[in-house]
Structures are given as structure tokens and as C-alpha cells.
Amino acid sequence: MTDDRPAPIPRTADVRPRVAVSSCLMGEPVRYNAGHCRHRFLTDELSPYVDYVHVCPEMEIGLGAPRPTLRLVNAESGVRLRVRDGGADHTDAVTALADRRSADLPDLDGWILKSRSPTCGTRGVPRHLENGMPADRRGQGVFAARLAELRPLLPIEEDGRLNDPVLRDHFVARVFAHARLRALFAGAWAPRDLVAFHSAHKLQMLAHDPARYREAGRVVADAGSRPRDELAAAYTKVFSEAFAVRPRRGRHVNAMLHLFAPMSRRLDDVRRRDVADVIDAYGRGDVPLDVPMTLLRHHARGEDITYLDAQTYFEPYPPALN
Ligand code: SF4
């Protein structure tokens, strides 16, 4: 007997990403001075849509709050995480903690870490020489560096960059894409479900990385002839790499033109010209992305074009986060 149920393709509204976050950003008094640095986007805006796991590496290795400050030191043996002025070295403890936390949390969709911290910062962290003099500002926190090494495909971002609307949009879209894929593979999926999933992500992937969209298509084309685990791993890799690329204006225009093509023949001349003009205006930078997207969504629904309406491009994350 054949199973002809509809493919269970997770939509944005069906998933609740699991995101690990530096505890101090959630308002916990765990910083070196027993303070915090609560980030309102995380605590007030994103929190209704995700499940957080709070992590403070320095507290978890047994340092209390308040505590002496740590810094990155360029030592002979490599970059070390040490208490200022020649104190204890916590590099190995924090690295081992990153290994444990990464293994304990296999079902994450992203990390959000505190910027500029010698433990959690993902970039631009000050490094010092052994004599205490400043060396440069190109370091990466020891915990953050190890996480990136262990799970290179997982979205990782830091709080400061989330204040930039473009970077925030990209990170949140990546997290929700990761959560949809994780939901698909967590269920009793069949190769045809992966085909439908890939099809629903076509326009969004084109906006991020057209070459990897095509590469993912080749993975999907082999769906029936590979072991499921191998297929899932291959698709996850290329899908995650595609979403790691930030969409540029030209790629959005390209994706919107793909969207527009099947609906244009159903529209009369006036409406067709309206849509084309608005896409052009976005391409020139005269209007924000929302303007053509709202019009395209309106026509996809109005013309009842199911294939287009199912595209994740229209709702990469919950609309309230826009
Ligand atoms: S930056 Fe990281 S280690 Fe420092 S207080 Fe925040 S969570 Fe803890």
C-alpha cells in the first residue's frame, strides 16, 4: 500500500528554534563585576519565538561573580585565557566546557554570544602580550572559537552585530532555516519530503546563494539512491553553507524576478507594470525590500498560486520580528 499523505514540510510558524545564549545578555548578574548586559531584542522581541539555553562559561568552570577579569594573551603555546597580571590560566577548562556543551546540546539552531569578551566574543577581541602590553584587536574568545571549530555549520552571532538590521535579519533567517531543516529530519521523512522542502526554499536560497541552491538540487536529485543519513548530512551541509551567505540586493532582485515570472501572465498590464516598477525601485535602492515583497505576496495569494505561496522566502521568520 502506498502512503500518499501530504509531505510534512515544516513552515516557519511550525518551528521554535533552540538558541544558546550568553547568560549575561539575558540579564543574569554573571559578569566579572556581578552585573549583566541585558539585550532587549533578545529578552523582549525574540524570546516569544525561540527557546533559550543560558550559558555562562566563566561561571560554569567555577569562577564566581564578582571575579578578577580575564584577558587573551599571545603566549608561546598559542592564545591563552588568563586572569590579568599573570594570574591563573583558564584556557583548558573553557575549551573542555565548550566540548561538553556542544555535545550536550546537539539540537541547537544557533548561538548568540557576548561581544568583546575574551571568553564569548566571536571577533575583534583585544589580545595582549605576555608583558601585559596590548597586541591587537583581532582575537576570538576561547569558548566562541572552540564552538565554531566544533559546529562550523551552526549560526553564531554576537549581540553588538544584532543591533544592525541587515545582520540581524540574516542571522534570524539562518536560525529559522536551520530549525525548519532540523524539524524535517527529526520526523519520519522520506526522500520526496526533502524534494518538497528544497522546492519550498528555492527562492530564499536563490537570494542567499544561487550556486549552492543548484548544488543542493543535485543532492536532492540523488535522494532515492543514497542512505538517509548520508543524504541528510550532505543536504544539511550545502543548505547551511548557502544560508551563511548574506543576501545582496542583486540576488533579491533575481529571486523576485523568479517569483514574478509565473504570476506575470495572470496579471493584467497595469498590475504587471506595477510589480516590475517596484522591483526596479528596490534594485535601485529607492524602496526597502518589504515593498516589493508585500506586493508579490499579495498577488501570489490573490492569484492562488500555491507553489509561490508556500515559498519560505515570503516568511523567513515570524513577521513580528521584521
Ligand atoms: S561574556 Fe560570557 S563568560 Fe562573560 S559573563 Fe557573559 S556569558 Fe559569562
Side-chain angles (χ1 to χ4, degrees), residues 4-15 165-166 169-170 172-174 176-177 179-181 183-184 192-221 223 235 238-239 242-243 245-322:
D4 46 355
R5 69 193 160 79
I9 303 308
R11 311 272 306 244
T12 293
D14 302 327
V15 297
V166 174
D169 174 270
H170 181 208
V172 176
R174 282 181 76 189
F176 274 87
R180 290 190 297 270
L181 185 62
L184 173 76
R192 66 176 179 178
D193 301 327
L194 182 59
V195 173
F197 181 93
H198 183 62
S199 172
H201 285 77
K202 172 179 176 174
L203 298 171
Q204 198 184 1
M205 288 179 82
L206 280 178
H208 283 263
D209 187 337
R212 285 202 176 86
Y213 165 72
R214 289 189 289 276
E215 191 184 334
R218 289 191 286 278
V219 173
V220 169
Y235 189 80
V238 66
F239 180 85
F243 276 89
V245 177
R246 182 149 41 92
R248 308 285 170 171
R249 189 175 295 276
R251 287 185 177 171
H252 273 305
V253 169
N254 178 42
M256 285 189 278
L257 292 175
H258 273 83
L259 227 173
F260 184 37
M263 75 170 66
S264 71
R265 52 185 172 269
R266 302 194 189 197
L267 303 179
D268 58 39
D269 286 351
V270 174
R271 292 190 300 163
R272 194 180 306 126
R273 208 165 35 245
D274 275 354
V275 177
D277 286 350
V278 168
I279 294 175
D280 277 353
Y282 169 75
R284 290 192 304 272
D286 293 345
V287 297
L289 181 62
D290 271 5
V291 175
M293 290 302 286
T294 304
L295 195 57
L296 287 163
R297 186 186 299 117
H298 169 77
H299 287 313
R301 289 192 181 149
E303 298 301 318
D304 199 19
I305 309 176
T306 316
Y307 156 74
L308 291 183
D309 195 30
Q311 288 293 310
T312 58
Y313 191 42
F314 281 130
E315 196 171 306
Y317 48 73
L321 294 174
N322 253 324

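In what follows, every heavy atom counts, from backbone to side chain, and hydrogens, waters and symmetry copies are set aside. It should be emphasised that the depicted structure is a prediction, and the values quoted were computed from it without experimental measurement.
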- Message: Under the criterion side chain to side chain contact (heavy atoms under 4.5 Å, CB included), I'd like the reasoning laid out for M263 against L296: C-alpha separation, chi angles, the key distance, then a yes or no.
- Response: CA-CA 9 Å; M263 75 170 66; L296 287 163; 4.1 Å; yes
- Determine, stepwise, if the pair F260 / L267 fulfils side chain to side chain contact (heavy atoms under 4.5 Å, CB included). CA-CA 10 Å; F260 184 37; L267 303 179; 4.1 Å; yes
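Rounding to the nearest 0.5 Å gives a distance of 11.0 Å between CD1 of I279 and CG of D274. Taking CZ from R212 and CE from M205, the interatomic distance works out to 9.5 Å, rounded to the nearest 0.5 Å. A distance of 11.0 Å separates NE2 in H258 from CD in Q311, rounded to the nearest 0.5 Å. Considering CZ of R214 and CG of D209, their distance stands at 8.5 Å, rounded to 0.5 Å. Atom CG of L295 and atom CG of D290 lie 12.0 Å apart (nearest 0.5 Å). To the nearest 0.5 angstrom, L289 atom CG is 7.5 Å from D169 atom CG.
For the pair H299/R271, a side-chain contact is recorded, criterion being any heavy-atom separation below 4.5 Å from C-beta on. Residues M256 and M293 are in side-chain contact: their nearest non-hydrogen atoms beyond the backbone lie under 4.5 Å apart. Side-chain contact between P318 and F176: present, with at least one pair of heavy atoms (C-beta onward) separated by less than 4.5 Å. Using a 4.5 Å heavy-atom cutoff, the side chains of S264 and V275 are not in contact.
Residues P247 and H170 come closest through the heavy atom pair CD-CD2, 4.1 Å. For L206 against A255, the heavy-atom pair with the smallest separation is CB-CB, 4.3 Å. Of all the heavy atoms in R251 and V245, the pair that sits closest is NH1-CG1, 3.7 Å. Listed here is the closest heavy atom pair of V15 and P10: CG1-CB, 4.1 Å. Listed here is the closest heavy atom pair of G283 and V253: CA-CG2, 3.7 Å. Here the closest heavy-atom approach between residue A200 and residue I9 is recorded as CB-CG2, 4.5 Å.
Taking the ring centroids of F197 and F239, they lie under the 6.0 Å cut-off.
The side-chain contact (heavy atoms from CB on, under 4.5 Å) test applied to V220 returns L194, V195, H198, Y235, not counting sequence neighbours. Shown here are the side-chain contact (heavy atoms from CB on, under 4.5 Å) partners of Q204, two or more places apart in sequence or in another chain: A173, R180, H201, H208, F243, T312, Y313, P316.
Other residues, nucleotides and ligands place more than 12 heavy atoms under 6.0 Å from the CZ atom of R249.
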